[in-house]
Protein chains: 2
Amino acid sequence: MATDEEQFLQDYTPGEYPPVALAVDLVVFAVTESTLYAAFVRRGGHPFKGALALPGGFVGADEDALAAARRELEEETGLELGGHRAHIEQLATYSSPQRDPRMRVVSVAHLALLPTDGRALPVLNPGTDSAAAHWLPVYEVLAGETLAFDHGEILTAALERLAGKIEYTLTAARLLPGEFTLYQLRRVYQAVWNTGRLDAGNFTRKMTGALQDTGRKAIGDKGAPAALFTVREEYLSPPMIRPAANS
Amino acid sequence: MATDEEQFLQDYTPGEYPPVALAVDLVVFAVTESTLYAAFVRRGGHPFKGALALPGGFVGADEDALAAARRELEEETGLELGGHRAHIEQLATYSSPQRDPRMRVVSVAHLALLPTDGRALPVLNPGTDSAAAHWLPVYEVLAGETLAFDHGEILTAALERLAGKIEYTLTAARLLPGEFTLYQLRRVYQAVWNTGRLDAGNFTRKMTGALQDTGRKAIGDKGAPAALFTVREEYLSPPMIRPAANS
DNA sequence: GCAATAGTGTCTTTTAGACAATATAAA
DNA sequence: TTTATATTGTCTAAAAGACACTATTGC
């Protein structure tokens with residue numbers, strides 16, 4: 001009886017379909033009070049020397065792409081945030097034969113969201129492997145920089161995904177601590193959409209149905225003390241709501 | 001100066017990160033008057049012998065995943081539909097190390113929509129490579145069959161994608177000829193959502209804004225002759241509509 | 001008091017959805 | 001005429017959005 005490998009060669013001829021190196025690229029987002037940031041590395045070598053690139057790495061033999069993305073994120077952030085509340089999801093796969101001039105690398109891009117208190121950005125681990133990742137404002141980078149490889153395309157896709165997803169889910173809360181005020185949440189929307197002030201009253205009304213009031217109040221800000229909310233679990237990534245059978 | 005290959009080995013060590021076979025899997029949808037179908041192949045060999053699987057194949061050296069998916073679709077349909085009006089988009093990438101027991105195969109799943117006149121399903125090419133693909137009703141397969149590999153998961157994801165996307169785009173029209181009646185379009189929605197009758201009046205009102213009346217009428221059906229419509233190009237996959245700055 | 005924010009109220013517009021009514025064709 | 005469909009109209013409910021108002025805090 002043929003071994004598994006031999007069986008497989010009936011379908012798979014490595015000459016015609018050569019294996020590829022499988023990588024992950026990460027678009028890691030975090031917000032300050034008013035700005036959306038992403039983590040970038042500055043390339044030190046050929047190709048695209050000196051250009052900005054997304055952090056990433058290769059997929060190991062015993063892990064899938066999501067596990068590799070998680071591992072890379074933990075390396076960037078020094079384990080503290082990666083395991084806990086960071087959100088990672090697959091974005092898309094980039095497989096153009098020419099996307100890396102050195103050899104064929106197929107990359108599964110991921111979107112990662114790090115929670116912040118809205119003031120300071122998470123600390124990035126300085127220089128484990130290649131270069132140190134650092135935060136840059138997303139909209140400024142998109143307007144002014146040409147990224148290495150197809151990373152500009154990936155960054156745009158990630159921003160589209162995030163901007164679209166917060167319209168119908170509470171994914172925006174993944175960029176905040178477990179408890180947050182409506183003011184903080186509103187600032188996240190403004191940062192992601194790069195838009196002007198959203199009306200506080202309407203925002204409150206639209207969100208409160210999906211939020212759980214903890215009863216506690218935030219301390220220390222300017223105006224009246226704001227209530228601290230938690231996301232009801234079922235709203236973090238809700239099942240799709242289909243229109244009723246009469247439409 | 002180091003060659004590209006040598007440079008690259010600074011980052012990439014094939015021992016630690018072995019290359020993978022890159023494949024595509026296809027979820028090909030088409031509708032009859034009332035039912036959503038997908039194309040399946042029956043597995044003839046190990047593993048999952050006898051089980052239903054999705055059509056697919058490996059990615060060649062000179063093509064990206066989308067090109068491979070298009071090529072595979074053309075092989076299934078015999079070129080006639082693949083090049084022209086068929087819609088293909090990337091769905092997600094499946095990379096579990098154990099997803100194929102023979103060796104590591106990473107698969108980029110794609111969603112394909114074939115246009116039909118609403119009566120007969122497109123003809124599938126009988127047996128080019130492994131097995132002949134044939135149409136089966138999607139909801140029946142999901143309810144009753146266990147698919148090979150992780151193809152059940154892929155099929156579910158494809159259905160979710162399609163069902164969700166037709167809520168806010170006119171992607172459903174990709175399952176119809178270039179000109180169609182509102183009745184045909186409504187049947188597509190009912191087939192995809194596996195739901196009862198949608199109200200004809202409300203459906204008309206909701207759709208007409210995105211459709212172009214050709215002025216011509218469909219012939220031969222029971223009741224009053226229905227107008228033939230075309231999709232306004234900007235509605236086939238429209239730019240995201242973000243709420244106004246006041247929300 | 002002043003400035004800034006939190007939260008509520010109100011009004012308008014839009015959209016979804018239920019359902020009735022009329023029109024047009026085939027049998 | 002009967003039957004089945006197309007299309008328009010009407011009404012209600014829900015949601016989005018604009019905007020005013022009051023309450024509560026720090027300074």
Side-chain angles (χ1 to χ4, degrees), chain A residues 33-34 118-119 164 166-170 176 179-190 193 195-230 235 238 240-247, chain B residues 33-34 118-119 164 166-170 176 179-190 193 195-230 235 238 240-247:
Chain A
E33 283 208 3
S34 58
R119 273 178 275 271
I166 64 176
E167 285 185 44
Y168 59 99
T169 70
L170 269 177
L176 292 174
E179 298 185 352
F180 51 87
T181 67
L182 282 169
Y183 178 74
Q184 288 179 290
L185 187 61
R186 190 152 44 86
R187 297 295 290 258
V188 172
Y189 276 81
Q190 292 170 179
W193 288 345
T195 186
R197 305 261 168 280
L198 300 175
D199 183 273
N202 293 335
F203 189 84
T204 299
R205 206 181 351 262
K206 185 148 61 176
M207 293 296 165
T208 40
L211 298 178
Q212 181 72 48
D213 194 331
T214 64
R216 257 163 300 137
K217 297 279 181 178
I219 49 173
D221 262 346
K222 298 283 184 69
L228 280 169
F229 291 92
T230 300
Y235 283 92
M240 204 133 41
I241 298 140
R242 200 100 56 222
N246 203 319
S247 155
Chain B
E33 283 208 5
S34 59
R119 271 178 276 270
I166 64 176
E167 286 186 44
Y168 59 97
T169 70
L170 270 177
L176 292 174
E179 298 185 353
F180 51 86
T181 67
L182 282 169
Y183 178 74
Q184 289 180 289
L185 187 61
R186 189 152 45 86
R187 297 296 290 258
V188 172
Y189 275 83
Q190 291 170 179
W193 288 343
T195 186
R197 306 262 169 277
L198 301 174
D199 183 272
N202 294 335
F203 189 83
T204 300
R205 207 183 350 264
K206 187 147 61 176
M207 291 297 166
T208 39
L211 298 177
Q212 180 73 49
D213 194 331
T214 64
R216 254 162 302 137
K217 297 279 181 180
I219 49 173
D221 263 346
K222 300 281 184 73
L228 281 169
F229 292 92
T230 300
Y235 284 91
M240 206 133 44
I241 296 138
R242 201 98 59 222
N246 203 320
S247 153

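Because only heavy atoms are used, hydrogens play no part in the values below, and waters and symmetry mates are left out as well, while side chains stay in. Chain naming here is simple, since letters A, B, ... match the order of the sequence lines and numbering starts at 1 in each.
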Could you check if a side-chain atom of [X] sits within less than 4.5 angstrom of a side-chain atom of [Y], using non-hydrogen atoms only?
X: B/Trp193; Y: B/Glu167; result: yes
X: B/Phe203; Y: B/Gln190; result: no
X: A/Thr204; Y: A/Arg186; result: no

### Query
What are the two closest heavy atoms between B/Asp213 and B/Leu228, and how far apart are they?
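That closest heavy-atom pairing would be OD1-O, 3.6 Å.
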
Rounded to the nearest angstrom, tell me the gap between atom [atom1] in [X] and atom [atom2] in [N].
X: B/Leu198; N: D/dT5; atom1: CG; atom2: C1'; result: 16 Å
X: A/Phe203; N: C/dT5; atom1: CZ; atom2: C1'; result: 15 Å
X: B/Lys206; N: D/dA6; atom1: NZ; atom2: C1'; result: 18 Å
X: B/Leu228; N: D/dT5; atom1: CG; atom2: C1'; result: 15 Å
X: A/Arg197; N: D/dG17; atom1: CZ; atom2: C1'; result: 18 Å
X: A/Arg216; N: C/dA6; atom1: CZ; atom2: P; result: 18 Å
X: A/Leu185; N: C/dT5; atom1: CG; atom2: P; result: 16 Å
X: B/Asp213; N: D/dT7; atom1: CG; atom2: C1'; result: 12 Å

## Note on the structure
Protein heavy-atom contacts under 4.0 Å, written 5' to 3' over nucleotides 9-14 of chain D as B (base), S (sugar-phosphate only) or - (none), form the string BB----

Taking the side chain of [X] as heavy atoms from C-beta outward, which of [options] is closest to it?
X: B/Pro225; options: C/dT5, C/dT8, C/dA25; answer: C/dA25
X: B/Lys217; options: C/dG17, C/dG7, D/dT7; answer: D/dT7
X: B/Thr204; options: D/dT8, D/dA6, C/dG7; answer: D/dT8
X: B/Tyr183; options: D/dT5, D/dT7, C/dG7; answer: D/dT5
X: A/Ala224; options: D/dT7, C/dG7, D/dT24; answer: D/dT24

### Residues forming a salt bridge (charged side-chain N to carboxylate O under 4.0 Å, His left out) with B/Arg216, sequence neighbours excluded
B/Glu179

### Message
Working to the nearest 0.5 angstrom, can you tell me the gap between A/Thr181 OG1 and A/Phe229 CZ?
### Response
8.5 Å

#### Entry: Separation of A/Leu182 CG from A/Leu198 CG (nearest 0.5 Å)
12.0 Å

### Message
Check the phosphate of D/dT5 against B/Arg186, side-chain N and O only, distance under 4.0 Å to OP1 or OP2. Yes or no?
### Response
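So the side chain of B/Arg186 is outside the cut-off, no N or O lying under 4.0 Å from OP1 or OP2 of D/dT5.
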
